[in-house]
Every structure is written in structure tokens, then in C-alpha cells.
Amino acid sequence: MLKKKECIAMLLAGGQGSRLYTLTEKTAKPAVPFGGKYRIIDFPMSNCVNSGIDTVGVLTQYQPLVLNEYIGNGQPWDLDRTHGGVTVLSPYEAKGGKDWYRGTANAIYQNLTFIERYSPEYTLILGGDHIYKMDYSKMLEAHKKNGADCTIAVLEVPMEEASRFGILNTDETDRIIEFEEKPKQPKSNKASMGIYIFTTEVLKKYLIEDEADPNSSNDFGKNIIPNMLNDGKKMYSYTFRGYWKDVGTLTSLWEANMDILGKKPNFDLYDRKFRIFYRHNALPPHRLGEDAKVKNSMLTEGCVIDGTVENSVLSNGVIVERGAVVRDSVIMSGVRIAAGAKVEYAIIDSDTVVGAGCDLGSAKETQKLLVLGSGLKVPAGTKIAGGEMVDAGNLKDYID
Amino acid sequence: MSVDGIIFSNIHDHNISELTRLRTLASVPFGCRYRLIDFPLSNMVNSNITNINVIAQYNYHSLMDHIGTGKDWDLARRSGGVKILPPYITGYANNVSTSYLTRLDALKGVHYPISQMTSDYVVMSDCNVICNIDLNDMIKDHIASGADVTMAVKRMDLTPAFAKENTIIFSSRDGRITDMLPYPTNFFGNADVSLNILVINRQYLQELTRDAVAYGYTSLTRDVFVKSLPRRNFRTYRYDGYFACISSFEDYFKYNLQLIEDKEMFDSLFGVEDRPIFTKVRNSAPTYYSDNSTVKNSLIADGCTIEGTVENSILFRGVKVGKGAVVKNSILFQDTVIGEGASIGYTLCDKNVVIRENVVISGHITLPLYVDKGKMV
């Protein structure tokens, strides 16, 4: 007889992240690198562990190889448990036929048996595409105190931006009275963060009903939440105060990386009490040479810097050779910037080599972000202006 | 063919007594983020030796903390893995001194676990030698030659000071060891030095441990190996890569700083393909360099915040260098804090040291300063 769990987490990590273009060509969005040594999924995973949740189901679908390998047995997050821990849940073939995950609600529905194995009183539903640090146990406390059927985490956004979000209108006790998806005339600024705690029994009932409805698009935001509201279920908002960033676009991914820089950064990674865990590469310390110049930047293991790095975030094993300049950029692991090359306002994906004397990107002020895909060999002396998106398919168009 | 490992964590502690007052030699930090035991442990793991006994005697809290379950070396195993063997003292023993100085005494202290070993061969390693060696190749050599013991050696030019802390090995042209000279006084010239890494047949190891207990032998080289040379087949294995042997505090300081200048040394330790050096994962954030920082010629671990000037120095994880502070030719262990405007040179700050604002301290290249663990200056 195994012990039941009070609360387990279901992490929706199947999204493609199509607006990250070449970065998600071969990897799912949650596996996209962030902040030098992390991947996006490290944030919700670490949040779970730091909140005392030791059972996490990760639902994967799009390009799962890198993600599955990264999660592995969950060891980096202390989720290699005898009972519980992390389980990767991919779509499967069953007696009645086979099915992809058709929507967020359907994905959870297909894994109800997984949830039932732990008989949790509460189920936490998370997305895998945000950068934030959050103690879910406080949200769970609020959920229990309110005796709620469902609690939705919200962020108070500036009123003028509210029309871009799913907005929750609440009464003075934070009970939700109305949910509007991207309202033209928002009545409140409480934006849903896509983080839900359900009382598991209620969740099960609604998922089963939703599955039986052929007209449903099987989505939490579009179907489950409105249905529960219509039935007068006890639904509460929980206001989260802190840094929260959707990294769904290339610009927002770049911005989020810049937010970890500074003496008092917008997003602080140095809190030893709320560590972000990650899968570790056994790389040596980073080395700065005689002519290195590093200003307002983050460096990590395996980097070798002999050139200039300003306002940038560099991942594992990035090499910046003598005379090379990297400014306002996010450089992913294993990239080499050869001697005398210049990279400005760019995101460069893993293992790309920028040849000597290349001139890539335009000044940040032009607001034209340059993106280079992974594993490219950019020949010496190449010039590429800002705003371009270069991958293995079109690299030759930029070489003369 | 199966191979087990034995690592001696306390032998040579006296070499750097400053750093081993509160820790074993095995857990002495090195090169920004490593501890000395990471080298023998990684060498073994990289050669598929996954049943490893670490023999400890005293001061081994830091060692236990560092190794933990062994998962960072992939040594958290159902069968095998890494095990720390402290001295075995029965409840009835009184007045028994378990303190020892030699490897043979260390082995005698754990003769029961040794008598239970079943592998074909055993690799034994000390912790004072820093190298990245392919033990598989050495084991292959050992099997092919049918030796009882194969010792790794490196040919080098010796100064008397260096020779005094090491064992010199003499061998015939075909590699058979003819004599050993442990810790000679006044020896110099070109000779083979023992790396304190050897492969031994398991049965022979069990036999010699049993005999050592029975006859009260104390030195592995002097009492056992040298006496057995005519009867047993002892052979050398030549190692050509980089090797640093820590025989004094000055050596320790020198080798750390050498890591910065000598790229070849750095690469032959950390840049060997398929043979990474593993260490305990601390989950630090990357290191932040502020607008005011000037950092040159340095090796820096993750989790640091640098706002001042750092030159020719080694910074371990979580070090903070304040605005206007200057750090030159120094080694700063984990979580050292250098206050604003402070200036230090040729200094080693042990863990959790705080150098307050505007303090100026400096040692000299021939006499580096040591600031004890947790001290505030």
C-alpha cells in the first residue's frame, strides 16, 4: 500500500513554441536554453521541488527527444524518488485507439490514471513556458483556506495591456465571477498565469464531462474554466507578486535573459533558499585571458573569453576569441566567436561557429534582433544585418 | 575482468597542514570548483571502475559532505558505488590508537572489507597527485604483462625538495621494477617518480594485508613491496600527461596559479575527451560581472558576483568581490567576501572568509598568506 500524496503537479510541456522559430525546430519549447545554464522547464520543475511537491507528471508531445533526455530520471531536481518523482507522460496507444493530445484538458484527461495512482486531494496544472519563481505551497494554502474547487494564479498587469490576456473578474473575497479571454474592454487587470490548482475530484468530473462533449476544444481556458464558472463552482484567484515572463517570442526570450543582469536584477537567480536546479555538465571553470573585457554580463562553466563581452548572457563552453566583440546578445552553449568577429543584439543557438572577422547584427537601438540557428558554420568575413533569421536552410543566401 | 578501487584520503595530510586542519587531503579544494579526491574518483569512473572504497581516518566530515551519495560521479549504485570506510573500532577496545600515517596501516584498519573483495584487480590511488589518467590502459598493461603490481610512474627532473616527498622507482629496460626509494633525502637528477597510483591483483592485496596484520608491518613500500621485489612481478606503467604532486602549501599555491597561465596543463586536466572531471554539483547561478569589473587572466567558478578588479586569481563558487576591491595572485575559496575597496595579494582565503572594506593584506610569492576558514579580517 503506497502512501497517497496531498498534491501532485502536471506540467504541460508538449507545446511547439512556433514563435521561437529556428530555436524550437528540433526541441520542444520547454527545453529551450535560458540564462546561461538553465532550460525553461527548470523553472516550473524547481518551483515544484521548492514548494514541497515531489510528484510531477511531464506531458510531452512535440519533439520530445531532447526534453525527455534532459528530464531523465529527475535526478537534478531530486525527483528520482522511490514513490512519485518525475514521470514523462507521452501520448499512447490504447485499446480503444490512439490519440495525440488534442488540447490541454484532453492531455490531462488521457492521464487521469496517472493522477489516480497517487490519489492526490489536489492537482496542480502548470505550463512549461514561463520564467518565474513561485512557491506553489502558498497558493495551495489559499486554495484550502477558501475551500475552493479551483484556484487560478493571477498577475496584476498594467490595465492598458490587460486586453492581451485571459482576464479574471473577481469579487472582494477574490472569488472569480467572470472569465474573459482577451477582452476588448477589460474590467480588471488580473491576468491568468495558466497555473491552476484543482480539487482532484472536481477536476476529474469536469474532464470526463468535457471529453464527452464533441463540440469542445478540450482546453482549460476555453472549456473547463467557463463550464465550472457556469455551474457556480467555488473558484478563486490567487495573486502572485514577483517576476513572471512569458518567453514565447524571440524578443521576450531575449528580454528575459537581460532581466537576470544587473546588480539588482529584475529576476534574481542568486537566492540560495530558492535555488533553480538544472542538469549539470561536467565542465571546468571559465577562464578570462589577458585581454578579456567583461562588463555587465553573465558567464558560466567552460567559457573561454579573450575578447570583449558586454551586456550579454553566455552559456556553457562559449569561446570568444581575441578581438571579438559580443554585445547585447544571448549566446547558447558551445558557440565559438572567432577572432575579430562582432556580434550585436543577437540570439545564437548552440554549437554555431562565427568565423573570424564576421560582422553580425545591428545595434540594439535599431530593435532588429538577429537570430542564428544551431550548428551553423558562418564563414569568416560574413556580414549579416539585424532582423534576420538564419538557419541551416538559408545560410548560403547570406554568404557571398 | 572486474576492477575495484581504493582511495586513501588522509595519507599526505601533513603536506599542507594549513588546509588539512579541518579536512582530509582528499577534500582540499583545487581549481575553482574541485576537491582533490575528484581526480582519482573521476579517473576511476571514467575507466568504468564503479565499486570504490574511500579509506578515511579523521577529519572526514567535509569528505562525507562532498561525496554524499556519490550521485555526482554516477556512483549512487544498487551494487557497488562509493563507500567511505572510517576506522573500525569495537566497543570493547580501549586505549587503541587508530591513528596512522601509512597506506599499509590504513589497509590494516579495513582488512575485513578488503578480505571480502571479489574483483580480479584493485586500483589504489592517493589524493596528493592531480592528473587525468586512463586507468583502463594501465589495467590492460597490467593484465598483458601478468604482473602482480603495476605502478604508474612519470619520468622527470627532480630537485631534492621534491624527491623528499616522493617515491623514486628504478626499473629494468623491459619495465620490471628493480628497486624503490621512498622519500629519499638529497636525491636529484632525472628519474621515475611514483604517481601513487597502482594496479594490484586482488588476491595479492588480501594476502599482504593479512600478513601485515600478522607481522605488524607498517609501510607498504618499505616493509612489503621492496622485500617482495625478487619474488613478485612489479612493473611500471609510464604516464606522460600532466601531473601535479602536492607536497607543500607553497606547491599547492603554485599549482593553482599555474592552472591560469599554463593552458596546456589546464587542458590536459580538464579538456581530455571522454574523461571529464566530475565534482559535487552546487546548482549555482552563472557568475555576474558588473559594469565596474575588470577581470584578467583568471579562472572563475559559477555563482560569483564581481564588481572590482581581479587579476591572476582563482575564485571558487559564490565569491563576492566588492566595488573598487583589488584581488591579485590570490585564491579565494567558496563564499569568500571581499569588501569594497579592499586589496589582497598572494593570499589564500579559506571558505567563508570575510575581508572587510578597505583592508589591505598581502603575502609574497615565496610566502603566500593563509586566512583560516570563516575568519573576518
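Chain identifiers are assigned alphabetically (A, B, ...) following the order of the sequence lines, protein sequences preceding nucleic acid strands; residue numbering begins at 1 within each chain.
Top candidate by heavy-atom pairs under 4.5 Å with chain B, chosen from A:Thr300, A:Leu269, A:Leu299, is A:Leu299. Here B:Ser284 is the residue among B:Ser293, B:Gly318, B:Ser284 with the most heavy-atom pairs under 4.5 Å with chain A. Ranked by non-hydrogen atom pairs under 4.5 Å with chain B, the options A:Lys295, A:Arg287, A:Glu290 are led by A:Arg287. If you tally non-hydrogen atom pairs under 4.5 Å between each of A:Ser297, A:Gly36, A:Pro76, A:Gly302 and chain B, the highest count goes to A:Ser297. Most heavy-atom pairs under 4.5 Å with chain A, from the set B:Glu307, B:Glu311, B:Arg317: that is B:Glu307. Ranked by heavy-atom pairs shorter than 4.5 Å toward chain B, the options A:Pro284, A:Ala282, A:Gly35 are led by A:Pro284.
A pairwise comparison of heavy atoms in B:Arg33 and A:Leu283 identifies NH1-O, 2.6 Å as the closest pair. Of all heavy-atom pairs between B:Asn283 and A:Tyr278, the closest is OD1-N, 3.1 Å.
For B:Phe316, no part lies near chain A; criterion is any non-hydrogen pair under 4.5 Å. Residue A:Asp291 does not touch chain B at all, counting heavy-atom pairs closer than 4.5 Å.
The environment of B:Lys254 atom NZ is dense: over 12 non-hydrogen atoms of other residues, nucleotides or ligands sit within 6.0 angstrom. Counted within 6.0 Å of CZ on B:Arg77, heavy atoms from surrounding residues, nucleotides or ligands total more than 12; the atom is thus considered enclosed.
Screening A:Leu288, A:Ile305, A:Val294 for a side-chain contact (heavy atoms from CB on, under 4.5 Å) with B:Val295, the sole residue that qualifies is A:Leu288.
Rounded to the nearest 0.5 angstrom, B:Leu299 CG and A:His286 NE2 are separated by 9.0 Å.
Using a 4.5 Å heavy-atom cutoff, the side chains of A:Arg272 and B:Arg282 are in contact. By the 4.5 Å heavy-atom criterion applied to side chains, A:Pro265 and B:Tyr288 are not counted as neighbours.
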(request) Check the pair A:Lys293 / B:Lys296 against side-chain contact (heavy atoms from CB on, under 4.5 Å), numbers first and verdict last. (result) CA-CA 8 Å; A:Lys293 250 177 88 182; B:Lys296 273 184 192 173; over 6 Å; no
